[in-house]
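Indexing begins at 1, ligand by ligand and atom by atom, following the structure's order. Side chains are part of it too, since the values below use all heavy atoms of this structure and drop only hydrogens, waters and symmetry mates. Residue numbers run from 1 in the order of the sequence given.
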Amino acid sequence: MDPEISIMLQCPSPKGLAETAVRAELSPAYNRRQLPGGQAWIDAVWEARCRHSPWLFNGSKFRLHSAQLDGGSLTFCLGLTCYKDFLGTNRAGMARHLQQQGRQDFGDSQAYLAEPLGVGAMVHTANDCFVFLRRSLRVGEAPGLVDIPGGHPEPQAVVGDVPEESIRLQDLPRQMVVKEIFTSILREIRDEVNLPLPTLSQPVLLGIARNQTSAGRASAEFYVRCSLTSEQVKQRYEIGGPEAQESTSIIFIKREDVLTLEQTGEMWRELCPSAKGANPVVHLSKTLSYVLRHGAAQLGLEM
Ligand code: UPG
């Protein structure tokens, strides 16, 4: 398997998991562990990153501690973290050292890392293509590489008008958090690709992939069917949505070619780890692999 990614969890096949089969458990025990002096280091990294990229903002995020499959349902074990801690731990030069320390102190390489949960989706158009975006040079992770639409679920979207720094785990209803995980991926597709929500199916969760180039931070990977053709999607993309600045161009790959992406080389080298993680060949997602081989009709996802 490509060393840039690893599979944390595969959803049961062949149907993947719908929102109704997913739960969330929230606890401060799932938050990042603090090292003495660690916060000063994170503050310094953040200041340096903001000087270089003044558009960065410190949004709160869900921290993925672990995830458990039990029969046909999946539980996300979540704490809270933020984008600043992500850049100061997972994305920082000392990430390896933090992983070593975590292993030594807690038997958990990720204990001192922010580990914000990301989301990504393989978006399948009406004429049997998948949607990829070339990321802008301004984004914090994987700049300039080819990605699938994605982002992060936001605790702020669950609590509404509370300032980011006052969000508390006990104020987040568990099923609302699950709803936000599934809604966030649709919101990202709408805002990055400029697709209306009624053209998108309910997301099917395929699994969770870890990006090893960001010290193993995890993204939930989904499959979403779109009722528009690639030509119609392209027209909408060219008009531009609220997050149009996060990508510079749109790329469509035919269903049968997605299956052989890793073997054909050139495009694979340009894919960012989260897009590789959602690809069936590496993700071994039987759901997506099935769709890629047979089309979406058998899953009841034809729109
Ligand atoms: N950003 C901030 N603060 C935040 C969130 C985002 O400054 O709190 C900026 C940052 O530059 C980031 C950009 O906005 O890069 C876009 O953010 P967002 O759309 O939330 O996430 P992405 O960076 O696009 O991350 C996605 C997925 C992740 C995947 C990554 C690369 O979260 O799972 O690994 O894309 O494919």
Side-chain angles (χ1 to χ4, degrees), residues 2 4-9 42 45-64 67 76 80-91 113-123 130-157 163-165 167 180-181 183-194 203 205-222 241-248 251 268 270-279 282-283:
D2 190 308
E4 289 188 353
I5 48 142
S6 60
I7 305 308
M8 182 173 166
L9 183 142
I42 291 173
V45 171
W46 179 248
E47 270 168 39
R49 293 294 296 257
C50 289
R51 261 199 309 276
H52 179 256
S53 311
W55 56 84
L56 290 174
F57 59 96
N58 186 21
S60 71
K61 304 283 175 265
F62 294 105
R63 178 174 192 271
L64 183 63
F76 283 102
L80 281 178
T81 185
C82 62
Y83 202 73
K84 173 178 169 179
D85 288 3
F86 172 55
L87 293 187
T89 60
N90 288 74
R91 295 290 299 162
L113 302 182
E115 299 281 274
L117 173 66
V119 289
M122 294 290 284
V123 180
F130 283 85
V131 176
F132 292 81
L133 301 170
R134 186 171 294 278
R135 286 168 72 80
S136 106
L137 293 174
R138 283 178 47 146
V139 296
E141 197 179 6
L145 293 179
V146 174
D147 197 8
I148 52 176
H152 302 90
E154 308 281 349
Q156 173 113 67
E164 300 263 4
E165 58 284 3
I167 297 174
E180 167 57 12
I181 294 173
T183 305
S184 66
I185 186 57
L186 295 177
R187 200 170 56 223
E188 295 288 349
I189 301 168
R190 180 195 65 193
D191 294 346
E192 288 178 6
V193 194
N194 193 30
L205 181 60
L206 303 170
I208 307 173
R210 285 189 180 279
N211 177 348
Q212 297 302 350
T213 67
S214 292
R217 90 81 155 238
S219 284
E221 308 290 3
F222 294 89
E243 292 181 3
Q245 79 289 351
E246 289 181 18
S247 66
T248 55
I251 300 162
W268 185 259
E270 288 199 273
L271 276 189
C272 67
S274 70
K276 289 177 179 173
N279 187 281
V282 287
H283 195 186

Discussion item. Does ligand 1 come near enough to R135 that some N or O of the ligand is less than 3.5 Å from an N or O of the residue?
Written reply: yes

Quick note on ligand 1: atoms under 4.0 Å from a heavy atom of E192 include exactly 19 (O)

of all protein heavy atoms, closest to atom 32 (O) of ligand 1 is G151 O, 2.4 Å

N/O to N/O below 3.5 Å, does that happen between G59 and ligand 1? yes

One finds that the ligand 1 atoms under 4.0 Å from a non-hydrogen atom of L56 are 7 (O), 10 (C), 11 (O)

Logged contact type for Y83 with ligand 1, heavy-atom cut-off 4.0 Å, is side chain

Atom 33 (O) of ligand 1: closest protein heavy atom, distance to 0.1 Å, is S219 OG, 2.2 Å

Here the atoms of ligand 1 under 4.0 Å from any heavy atom belonging to R217 are 27 (C), 28 (C), 32 (O), 33 (O)

Can you tell me if Q212 and S6 form a side-chain donor-acceptor pair at under 3.5 Å?
yes

One should read off an interatomic distance between E164 CD and F57 CZ, to the nearest 0.5 angstrom, of 8.0 Å

Applying side chain to side chain donor-acceptor pair (under 3.5 Å) to N211 and not counting sequence neighbours gives E141, T213

the protein heavy atom lying closest to atom 20 (O) of ligand 1 turns out to be H152 ND1, 2.7 Å

Atom 30 (C) of ligand 1: closest protein heavy atom, distance to 0.1 Å, is E141 OE1, 3.7 Å

Side chain to side chain donor-acceptor pair (under 3.5 Å) with K61: of H152, E154, Q156, only one passes, and it is E154

Would you say E246 has any N or O atom under 3.5 Å from an N or O of ligand 1, going by distance alone? yes

Hits for ring pair (Phe, Tyr, Trp, His ring centres under 6.0 Å) against F76, two or more places apart or cross-chain, chain-then-number order -> none

When distances are taken from atom 15 (O) of ligand 1, the protein heavy atom at minimum range is G140 N, 2.6 Å

- Item | Nitrogen or oxygen atoms of D147 and ligand 1 under 3.5 Å apart | yes

Review point. If we only count heavy atoms from C-beta on, is the R134 to V146 side-chain gap below 4.5 Å?
Key: yes

Quick note on ligand 1: atoms under 4.0 Å from a heavy atom of K61 include exactly 4 (C), 5 (C), 8 (O)

**Asked** Going by heavy atoms in the side chains, are F222 and L186 under 4.5 Å from each other?
**Response** no

- pair P116-R217: side-chain heavy atoms closer than 4.5 Å: yes

Separation between CD (E221) and CG (L205), nearest 0.5 Å, reads 9.0 Å

(Q) Are any of the N/O atoms on A142, whether in the backbone or the side chain, positioned under 3.5 angstrom from an N/O atom of ligand 1? (A) no

Using a 4.5 Å cut-off on heavy atoms from C-beta on, say whether the side chain of I148 contacts that of V123. no

One finds that the ligand 1 atoms under 4.0 Å from a non-hydrogen atom of G150 are 19 (O), 24 (O)

Ranked by distance from atom 34 (O) of ligand 1, the top protein heavy atom is S274 CB, 3.3 Å

shortest atom 3 (N) of ligand 1-to-protein heavy-atom contact is with F57 O, 2.6 Å

Ligand 1 to E188, heavy atom cutoff 4.0 Å, flagged ligand atoms 19 (O)

Could you check if a side-chain atom of T81 sits within less than 4.5 angstrom of a side-chain atom of F86, using non-hydrogen atoms only?
no

Margin query: Pairs of nitrogen or oxygen atoms closer than 3.5 Å, one from C272 and one from ligand 1: do any exist?
Written below: no

Under a 4.0 Å threshold between the charged nitrogen and the carboxylate oxygen, would R135 count as salt-bridged to E270? no

